[in-house]
Every structure is written in C-alpha cells, then in structure tokens.
There are 2 protein chains.
Amino acid sequence: DIVESLARFFAGADWLKGKKALVTAGGTQEPLDPVRYLGNRSSGRMGYAIAQALQEAGAETILVSAPTDLAVPAGVTCIQVQTALEMYDAVLTRFSEVDVVIKAAAVADYRPAVQAEQKIKKDGTSRTLELIPNPDILAELGRRKTSQVLVGFAAETENLLANAQDKMHRKNVNLLVANDVTKLGAGFGSLTNIVSFLFPDGRKIDFPQMSKHEVAQHLVREVANLLGV
Amino acid sequence: DIVESLARFFAGADWLKGKKALVTAGGTQEPLDPVRYLGNRSSGRMGYAIAQALQEAGAETILVSAPTDLAVPAGVTCIQVQTALEMYDAVLTRFSEVDVVIKAAAVADYRPAVQAEQKIKKDGTSRTLELIPNPDILAELGRRKTSQVLVGFAAETENLLANAQDKMHRKNVNLLVANDVTKLGAGFGSLTNIVSFLFPDGRKIDFPQMSKHEVAQHLVREVANLLGV
C-alpha cells in the first residue's frame, strides 16, 4: 500500500544530508495577563511531523515551537517560544544560516496592546481589548530570502484556493501547503490532513486524506526537489 | 513517608460510597472565530487528579472538562465542553442530583461579544475586541445550593489570602482551595501544587509542596468530613 511504498521509498534516503532546515510548529500564545492568553487551535502535530521527516532525510533540523504537548523528535534541536514576537526573533536570527524554512506554526496575527502584570480581576461589566498587529514572519522571510527554500501554510475556512494562491504570491514562498480546516480529517487537532501543494509556476498537487506523517514525507520530497538535490 | 502513609490511609477507604460528585477541570476556550480563542493556562491536572481521588474513594464521579490532553481516569464519567457557557449548562443541569461539586476548572470571565463564522482575515491595522462577561458558575451554585458541599479554587497572583477569603464568602462555598500561581511548583502546568484550604469557620490549613494527586487526596478527606461521613 501507499504507506509501505513510501517507507521503502524513504528508507535510507538522506537527500538532505548537509542541509540545514528550520521548522516552526504549534500555535503562539499572546498573554493578556499571567494566566490568560489569545490562542489558536494548532496542535503542532503537522510541524512536529515535518521536523521528524526532515531529520530522517538527513537535514540538521531546528524546530521553533510554540507551546504543545508533543515530544520533540529524536535528533531535532527544539527552541521553545510562546508569543509571535518570540517566534519572529527565533526564526529571523537563524534565517541566514539555513537552507529551508517551513512555517507550519499558527502565529497570532494580533496581540493584546497591554499585558497586565497581575491577573485581571473581573468586575462584571463588558470591556474592550485593544489588539495590535504582530509582525508577519512569513512575509519578512519572503522579503529577505536569497537562496533559501521557503514553505508556507494556508489554513483557511473559505475560498481556500484563491486565498492560498494570493498568499503564495504575496509572501514570496516556493511552496504553499493549503488546507481547508473545516473539512473532517483535516487541520487542527486531527491526526490526518487533506492538503494541496501550490507552486509559483502554477503547479498544484491535490492529495487525498493522509496521516500528517505522510504529508510531511511528501513535503520533504518536494523540498528536496526545490533544493535541487 | 507521607506518600506511603497516605496510601495506607486511603487503601480500601470507600468513604464516599453512595455519594455522587461532580468535578470541573481544564481551562475553557472562548472562540473569536473557527481557529482563534481566548484561553488560559490551566492544564486540567488538578481537576483530573480530584476526579480520580473521588472515584477511588467510592463516589460516582462526573468530570465536566474543558479541552485538555489528559486521559479520563478509569471509572469516571466525562462530559467534554469548550466554553464557559457550555460548562455552565453542564454543571447547573446536574447540580440537584449531586452531593458535592468541586470547581477546579479555570473558567473564562469574559467571552468575545461576537464570534465570527469564518476565520478573520488580518488587515495590518489595530482593532478592538469587545468582551462580555460570562456567567459566574461558582456564584450561581453558591446561590442555589441546599445540602451540597461546594468547593472552589482561587488561583491568584497577588494578595492571595485576602482575595481567597473574600471569594469564599462571596461565593458561599464550604471549602476554598487557594494557590499562588506565581510560586515555583504551584499552579498552572505544574505537576505539584502549594495550596491552603480555607473554611468559612475560619480554619486554614497550609500544605507544603505536594503532587496534585496528594492535594486531591487531602481534598477528598476534607470533603468526606464536610459530608459527615
């Protein structure tokens, strides 16, 4: 079956030997106070599976991870962060040393304008929370990239293909993984995913429902192609 | 040591046989849209440990749980909820049938006034999020309670004792578990906790750092006392 043939295909493949890869994973948390935060539904599973597949393909792999309950794959170097700003710093400072960046993390677009030092006490009335935009990590990488292969993700709930293609061009990525998170068996919290790979040359690969590990292996194969190895 | 003596103390104890208990656990999530939410740092470990200790003491135990990554203890009936409103309904509809309620969940005081049906697209500008108060589950239980034993938690970052005592009286609880979540080895995400038990009669028991399972066993012993068994 497909799992076995993939396993055979990948057995002993160290295509990415000598390459350095950086993967982001998980959902950033943006604190309102010491106990509350703005979060999102990313489990981190897709990014952790990618880190494992990159490492198994021989790449020196750095995982920049927002909070998850997952175990770091063997052989992978993990840098733990909480917020979008921390992830921005962790990724940008390492960008010039790596050959490929795969941005699988769900990064908060906004953070609270003010972070309270003590737990906010409720007073029973309505209140407004001021939100300010976080830096766009993927767009910044797209602006700065020289020879790096840059992979982005688009998790959408409507107009998937149009939003994903738009994102691919705006962010200057080499491969965009699109998934409709409203589909059963796809996206947040799921062990499986249903994705399409989009390329700037107009190619589009639609995959059936697969485990996140299988998606990761297909992704690593495409990254190796893009790196010309 | 204390663990062994507690284990001996509890071995075979089915003090709560014939009693029905309800425990809440985890941190509620209040959606902004299909992927984003307001959350909090509760891991659910304290509540799950309490559910296990109640079940081991012979109580028929219902666990109303916000999202966690924890396994439901054997023999415990679990009702999964996401939001404060769902938890409110799950707890209030069962309150009249139970003998004890232990509110270990971290319930969001506020929820977004509007929940977007589709993922909110960023536009790079600041925005405000309107928040409206959630119902206060513990206070409502305190108003409605007849013979039930009601246990609340106060997780504070400052003025712990004053805030906890105030909460105990305002919410009409029979036992309040106070913990300073800023202490190392206490509170959110930790496997241990450092708590005090406060009672309306003025009694206060300060415990040293213990595992959450040990805290749960001490709590069940006090609940049995309060139930007069």
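Protein chains get the first letters and strands the later ones, always in sequence-line order, with residue 1 at the start of each. All of these numbers come straight from a predicted model, not from anything done at the bench.
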Given the options [options], which has more heavy-atom pairs under 4.5 Å with chain A than any of the others?
| options | answer |
| --- | --- |
| Arg36(B), Gln118(B), Glu30(B) | Gln118(B) |
| Lys119(B), Gln29(B), Glu156(B), Glu117(B) | Lys119(B) |
| Leu129(B), Asp136(B), Thr128(B) | Leu129(B) |
| Thr125(B), Val35(B), Leu32(B), Ile132(B) | Val35(B) |
| Ser126(B), Ser43(B), Gly39(B), Gly27(B) | Gly39(B) |

Closest contact, heavy atoms only, Arg94(A) versus Ile62(A):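 Heavy atoms of Arg94(A) and Ile62(A) come nearest at CD-CD1, 4.2 Å.
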Chain B contact residues among residues 70-93 of chain A, heavy-atom distance under 4.5 Å: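 Counting heavy atoms that sit under 4.5 Å from chain B, the residues of residues 70-93 of chain A involved are Gln82(A).
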Part of Ala155(B) within contact of chain A (heavy atom distance under 4.5 Å):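 Ala155(B) touches chain A through backbone and side-chain heavy atoms alike.
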Structural part of Asn163(B) lying under 4.5 Å from a heavy atom of chain A: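 The answer is the side chain of Asn163(B).
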Pair Val151(B)-Val177(B), side-chain contact (heavy atoms from CB on, under 4.5 Å): steps then yes or no: CA-CA 8 Å; Val151(B) 178; Val177(B) 182; 4.1 Å; yes
Within 45° cone and under 6.0 Å: Arg203(B) NZ/CZ vs Phe199(B) ring: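 The answer is yes; both the distance and angle limits are met.
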Leu63(B) side chain reached by Tyr48(B) side chain, heavy atoms, under 4.5 Å: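 Counting from C-beta outward, Tyr48(B) and Leu63(B) do come under 4.5 Å.
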Validation row: Ile137(B), Thr24(B) side chains within 4.5 angstrom (heavy atoms):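 Sidechains of Thr24(B) and Ile137(B): no contact.
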Under 3.5 Å: donor-acceptor pair, side chain of Asn40(B), backbone of Ala106(B):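 Looks like yes, one N/O pair under 3.5 Å.
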Test item: Asp33(B) side-chain N/O and Ala116(B) main-chain N/O as donor-acceptor pair under 3.5 Å: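 No; zero donor-acceptor contacts below 3.5 Å.
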Steps toward side-chain contact (heavy atoms from CB on, under 4.5 Å) verdict (Leu198(B), Gln165(B)): CA-CA 7 Å; Leu198(B) 309 184; Gln165(B) 280 176 328; 3.6 Å; yes
All side-chain contact (heavy atoms from CB on, under 4.5 Å) counterparts of Arg127(A), not counting sequence neighbours: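 Arg127(A) satisfies side-chain contact (heavy atoms from CB on, under 4.5 Å) with Ile120(A), Asp123(A), Tyr110(B), Leu131(B) once adjacent residues are dropped.
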